[in-house]
Amino acid sequence: MQTLETARTKLDKRGFLDLEVDPTLDLYEEINKLKKEKNAVILAHYYQDSDIQDIADYIGDSLGLAQQAASTSADLIVFAGVHFMAETAKMLNPGKKVILPDLKAGCSLAESCPAPLFAKFKEKYPDHVVVSYINCTADLKVLTDICCTSTNAKYIIDSIPADKPIIFAPDKNLGAYLNKVTGRNMLLWDGACMVHEIFSKEKIVKIKERHPNALLIAHPECEAHILEIADHIGSTTSLLKYTLKSPATEFIVATEAGIIHQMQKASPNKTFIAAPPENNCACNECPHMRLNTLEKLYLCMKYELPEILLSDEVIEKGRVCIDRMMEISAKAGL
Ligand code: 13P
Ligand code: SF4
């Protein structure tokens, strides 16, 4: 068994505290105890494993999680999500300690847009406003004028004068969808999410043939050929609300499969079918999100490690684009 000190020294390489957890422990009980003792709040994204969702204080989409992180009175923010989300929480509430069960929980979309490359690209278009999807690194946020999430993206784009050219980064699929719904012609960075690019239109059509009443609901990070056949397109929260309100009883869900846990809880009598990927792997589960486990969550709360640390400069410069987004969202009542 490793000691805390050796685990701590390996933290950078491993990304999490690699310590053994007593298998007889009731992790739910232990985590709840730690929550009280430390005045901690657990914020979880819909794409987390269901056991993490079940112990969270708040489960939501990227915007909801950012809003919760900004307004929490807890002393310790435990972020059950991916790195860019925890960074955003830290930027919004720099006085609080923010911890993430596994620092390696990254995001293929955020990685597809390295800040130094983007800085060079941006230099070529000095008159453009830069709008970045929140799924990007803190360093990219420093180079961004306004951030957005899938919930507020249309409002953010519409808030920019029509004659102002825009660069949209990093998601080309969300960007193309936004160009369609806003009538803009934004310049798109060539990034994408590995999970939302994996869905097979052919297999979805086959499922539709077998379930003719099933509605296809899709996240706008999906490719255009999937969005074209969708009955509803929206953020994770929007998809969840849609399944609750819709009189339909069967849904094909084209986003990360973790959200189905909340859909099924909210509508126990409805059927949810995870949209199938091109191959036979579990690729509709985000490998980054799923790096967090209940054991890592427990260890991270117990030792308050790994912690999200950002320089004052990155926090100060990076949060400007997030503050703008929060302001526009609040005005739009989101
Ligand atoms: P939302 O949380 O805005 O629905 O986005 C989904 C996502 O891909 C998060 O990584
Ligand atoms: Fe990133 Fe895609 Fe995973 Fe969301 S689902 S965290 S966009 S890789």
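Heavy-atom basis, side chains included; hydrogens, waters and symmetry copies ignored. Indexing begins at 1, ligand by ligand and atom by atom, following the structure's order. Heads up: numbering here begins at 1 and tracks the sequence.
Taking a cut-off of under 4.0 Å to the non-hydrogen atoms of S235, the atoms of ligand 1 that pass are 4 (O). Within the listing of ligand 1, atoms 5 (O) sit less than 4.0 angstrom from a heavy atom of Y133. Per-residue contacts place S62 under 4.0 angstrom from the following atoms of ligand 1 (heavy atoms of the residue considered): 1 (P), 2 (O), 3 (O), 5 (O), 9 (C).
Sequence neighbours left out, the pairs with a member in residues 195-215 that pass ring pair (Phe, Tyr, Trp, His ring centres under 6.0 Å) are H196-H219.
Residue N135 places at least one N or O, backbone or side chain, under 3.5 Å from an N or O of ligand 1. On a distance-only criterion, T236 and ligand 1 share at least one N/O pair closer than 3.5 Å. For the pair T237 and ligand 1, the shortest N or O to N or O distance does not fall below 3.5 Å. Some N or O of S150 is nearer than 3.5 Å to an N or O of ligand 1, by distance alone. Among the atoms of D61, none of the N or O lies under 3.5 angstrom from an N or O of ligand 1.
The pair K141-E87 fails the salt-bridge criterion, with no side-chain N (NZ, NE, NH1 or NH2) lying under 4.0 Å from an Asp/Glu carboxylate O. Remark: D75 does not engage K97 in a salt bridge, criterion side-chain N to carboxylate O under 4.0 Å. Using a cutoff of 4.0 Å between basic side-chain nitrogens and carboxylate oxygens, K317 and D139 are not scored as salt-bridged. A salt bridge links D54 with K265: the closest approach of a Lys/Arg side-chain nitrogen to an acidic carboxylate oxygen falls below 4.0 angstrom. Classification of D127 and K164 as a salt-bridged pair fails, no side-chain N sitting under 4.0 Å from a carboxylate O. Look at E250 and R210 and you find no salt bridge, because none of the NZ, NE, NH1 or NH2 atoms lies under 4.0 Å from a carboxylate O. Between E30 and K33 there is a salt bridge, since at least one side-chain N of the basic residue sits less than 4.0 Å from a carboxylate O of the acidic one.
Annotation: atom 5 (O) of ligand 1 to nearest protein heavy atom, H219 NE2, 3.2 Å. Closest to atom 8 (O) of ligand 1, if we only count protein heavy atoms, is E221 OE2, 2.9 Å.
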Please report the C-alpha distance between E221 and Y133 in whole Å, then the side-chain angles of each, then the deciding distance to 0.1 Å, and finally whether the side chain to side chain donor-acceptor pair (under 3.5 Å) criterion is met. CA-CA 11 Å; E221 287 175 28; Y133 192 30; 2.5 Å; yes

Evaluate K10 against E5 for salt bridge (charged side-chain N to carboxylate O under 4.0 Å, His left out), listing each step before the verdict. CA-CA 9 Å; K10 288 179 182 165; E5 271 327 299; over 6 Å; no

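Inside a sphere of radius 2.8 Å centred on atom 2 (Fe) of ligand 2, the protein N/O/S atoms present are C193 SG.
Only the side chain of H45 comes within contact range of ligand 1, with a heavy atom under 4.0 Å; no backbone atom does. With a 4.0 Å heavy-atom cut-off, ligand 1 is reached by the side chain of Y47 but not by its N, CA, C or O.
Taking the ring centroids of W189 and F168, they lie at or beyond the 6.0 Å cut-off.
Using a non-hydrogen distance threshold of 4.0 Å, M85 registers as a contact of ligand 1.
Side chain to side chain, Q48 and N292 meet the donor-acceptor criterion of an N or O pair below 3.5 Å.
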